[in-house]
There are 2 protein chains.
Amino acid sequence: MSDMLMSDVEQTEAEYLAAYEPGDFPRPSVTVDLVIFTILDRDLKVLLIRRREHPFKGALALPGGFLRVSDDADQGEDLEAAAHRELAEETGLPLGSVWLNQLGAFGAPGRDPRLRVITVAWFALVRPDLAPLVEAGSDAADAGWFSLTELAGEPLAFDHRGILDAAVARLERDIEHTDIGYELVSRRFTITELRSVNEVILGRKLDPGNFRRSFQRLIEDGVVVETPGERYTGRRPAKVYRFKGRR
Amino acid sequence: MSDMLMSDVEQTEAEYLAAYEPGDFPRPSVTVDLVIFTILDRDLKVLLIRRREHPFKGALALPGGFLRVSDDADQGEDLEAAAHRELAEETGLPLGSVWLNQLGAFGAPGRDPRLRVITVAWFALVRPDLAPLVEAGSDAADAGWFSLTELAGEPLAFDHRGILDAAVARLERDIEHTDIGYELVSRRFTITELRSVNEVILGRKLDPGNFRRSFQRLIEDGVVVETPGERYTGRRPAKVYRFKGRR
DNA sequence: ATAATAGTGTCTATTAGACAATATCCT
DNA sequence: AGGATATTGTCTAATAGACACTATTAT
């Protein structure tokens, strides 16, 4: 009996794929959006673009763009590659100089009024010494760093307000449990600069003495090493450190 | 001067949308895939399906399916709704009885040999008292719980091995920092049962006395409350607790 | 000298963990 | 009574935080 059922065409996978014809089910568009943070003037900033075209013309939006796909054999670019590409296009910064991590997918119906769009959001951290280069290098003349505090009430295009809020929440969580703080200081930094980054993100002052002690543990663990030179700030100069294991 | 430039057609957003015609840029397909965990016999299990059709015919795969979208005004279902729908279809469990959370988007070219597919992966935790209902209720007769330890070397269909590994890593991280442990015990549970869940996921024995003490703090904080009844295990019965703030 | 920042000392409270001891209850 | 599990006790080490204090340097 089962032989009877099995007796019809038994394909190999190669045969199946050769004969495969994609149905014409409707597909959504897929984009990547970037939440790019930096810290300038002791303030958390995000890179936004003033939209010149509809929809949401005139509103602020996260930089991003469509994922390049094809129905050819190569199928187009990787998701993360697309994020890196957009990052380079929007900031002008060399590939690999910016820390990038996936935030998640956002795809509520109606988030783009034109058509169904699923976006994969990424958050990126730009060292403050690179941040000034961004405004000049961006291909969108209306791109710029916006203070998160000033942006508080401001509505953004699409569902970008929700994405931004999710990114900020993630940042606050990660700053306490991971090493991402190092991504928001220059390569060579003082303890105070690192503490300031933490203070800005956490939104509260940290005790300099206690912070130094916890930093001391990182030195002992070899995570961070002292480097020659000092930082002159008009007062007593501070020692300069370097995050070990960084290009 | 600028008046001159502005003097050509100035559309409102409504006009723009009414006239909007989507270009025929190629779009990827979008799916949702589920990593559904439970704990049975003091062992972490994941729900997998034996594929009956090409591609990867005969291989084990994560349950999942295509996101339903449309070019109509409603644009189709929400991403999370799709995950919930697939979860209900694959497990037969009532909507809302299972904890569900987004893991992330996976979209490497070639991950589906047929066509370009971006998948949004979700991880779900099924209470052990509901787990036995799953195999019966599933629409895929070949669905079943597989031990993660036994699955260690086993290759899975598509890039599902990578997704599964990411989910396990997330589980290990979250079990120490969040409350998800409660999602893997019955509604009424003993301290030992909760400890066992942690032991299984962390892969090491935990001191009963120390674990009890940390649990004590949760009682004091009102996170968890004692409930009437005891649990008979053949030995000394244990007190039964309930996670406060659960349906 | 003064102001400002860098860095140290000290104390308390909390927590994780190792490990021993006692309590309770089923068989 | 014996055995298994629940529960309590005790000690140590690590950590976070509050807060006072000393050190160094530009002005």
Side-chain angles (χ1 to χ4, degrees), chain A residues 39 41-42 128 172-181 185-186 188-242, chain B residues 41-42 172-181 185-186 188-242:
Chain A
I39 290 185
D41 309 323
R42 301 197 166 220
E172 288 173 358
R173 206 196 57 194
D174 284 4
I175 195 75
E176 289 197 294
H177 301 299
T178 76
D179 283 342
I180 57 168
V185 290
S186 309
R188 303 174 68 256
F189 59 92
T190 65
I191 298 183
T192 302
E193 285 166 0
L194 186 64
R195 174 165 51 86
S196 174
V197 164
N198 281 260
E199 288 175 343
V200 165
I201 293 176
L202 293 174
R204 67 170 195 270
K205 286 287 174 191
L206 298 175
D207 184 275
N210 293 336
F211 190 87
R212 182 169 216 294
R213 215 185 327 274
S214 64
F215 190 84
Q216 203 72 38
R217 282 190 285 270
L218 297 182
I219 298 176
E220 285 158 14
D221 294 350
V223 179
V224 85
V225 290
E226 192 180 335
T227 73
E230 289 179 326
R231 187 65 47 91
Y232 309 98
T233 62
R235 301 293 163 192
R236 174 181 174 183
K239 287 181 184 167
V240 178
Y241 296 87
R242 181 172 56 82
Chain B
D41 309 323
R42 300 194 166 223
E172 288 173 359
R173 206 196 57 193
D174 283 3
I175 195 75
E176 289 197 294
H177 301 299
T178 76
D179 283 342
I180 57 168
V185 289
S186 310
R188 304 173 68 253
F189 60 91
T190 66
I191 298 182
T192 301
E193 286 165 0
L194 186 64
R195 175 165 51 87
S196 174
V197 163
N198 281 261
E199 288 176 342
V200 166
I201 293 176
L202 292 175
R204 66 169 195 269
K205 286 287 175 191
L206 298 175
D207 183 274
N210 293 336
F211 189 86
R212 183 168 216 292
R213 215 185 328 274
S214 65
F215 190 84
Q216 205 70 37
R217 282 192 284 270
L218 298 182
I219 298 176
E220 286 159 14
D221 294 349
V223 179
V224 85
V225 289
E226 193 180 334
T227 73
E230 290 179 324
R231 188 64 49 90
Y232 308 98
T233 62
R235 302 293 162 192
R236 173 180 174 184
K239 287 181 183 166
V240 179
Y241 296 88
R242 181 171 57 81

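Chain identifiers are assigned alphabetically (A, B, ...) following the order of the sequence lines, protein sequences preceding nucleic acid strands; residue numbering begins at 1 within each chain.
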When rounded to whole Å, the CZ to P distance for the pair R217(B) and dT7(D) reads 16 Å
Given 3.5 Å as the limit, does a donor-acceptor pair link the side chain of T190(A) with the main chain of E193(A), or not? yes
In numerical order, the residues of residues 206-216 of chain B whose heavy atoms come under 4.0 Å of DNA chain C are D207(B), N210(B), R213(B)
For L194(B) and N198(B), the nearest pair of non-hydrogen atoms, with its separation, is O-ND2, 2.9 Å
Separation of dT15(D) atom C1' from L218(A) atom CG, nearest Å, is 13 Å
Expected list for residues 197-204 of chain B near DNA chain D, using heavy atoms below 4.0 Å, is none
**Study point:** F189(B) side chain reached by V240(B) side chain, heavy atoms, under 4.5 Å
**Key:** no
Output yes when a side-chain donor or acceptor of T178(B) lies under 3.5 Å from a complementary backbone atom of D174(B), and no otherwise. yes
Whole-Å distance, I219(A) CD1 to dT8(C) C1', equals 14 Å
Atom CD of E176(B) and atom C1' of dG17(C) are separated, to the nearest Å, by 13 Å
Sorted by chain and residue number, the side-chain hydrogen bond (donor to acceptor under 3.5 Å, both in side chains) partners of E199(A) (sequence neighbours excluded) come out as R195(A)
Here the distance between atom C1' of dT25(D) and atom NZ of K239(A), to the nearest Å, is 14 Å
In whole angstroms, the gap separating C1' of dC19(D) from NZ of K205(A) amounts to 17 Å
- Query: For T190(A), which contact category applies under a 4.0 Å heavy-atom criterion: base, sugar-phosphate, or nothing?
  - Reply: nothing
Output for pair (R188(A) CZ, R242(A) CZ), nearest 0.5 Å, gives 9.0 Å
From the list V185(A), L218(A), I219(A), side chain to side chain contact (heavy atoms under 4.5 Å, CB included) partner of Y241(A) resolves to I219(A)
Scanning both residues in full, the closest heavy-atom pair of I39(A) with P128(A) reads O-CB, 3.4 Å
Rounded to whole Å, the CZ-P distance (R195(A) to dA16(D)) equals 16 Å
What side-chain donor-acceptor pairs closer than 3.5 Å can you find for residues 200-212 of chain A, not counting sequence neighbours?
residue, atom, partner, partner atom, Å
D207(A), OD1, G209(A), N, 2.9
D207(A), OD1, N210(A), N, 2.8
N210(A), OD1, R213(A), NH2, 3.1
R212(A), NH1, Q216(A), OE1, 2.7

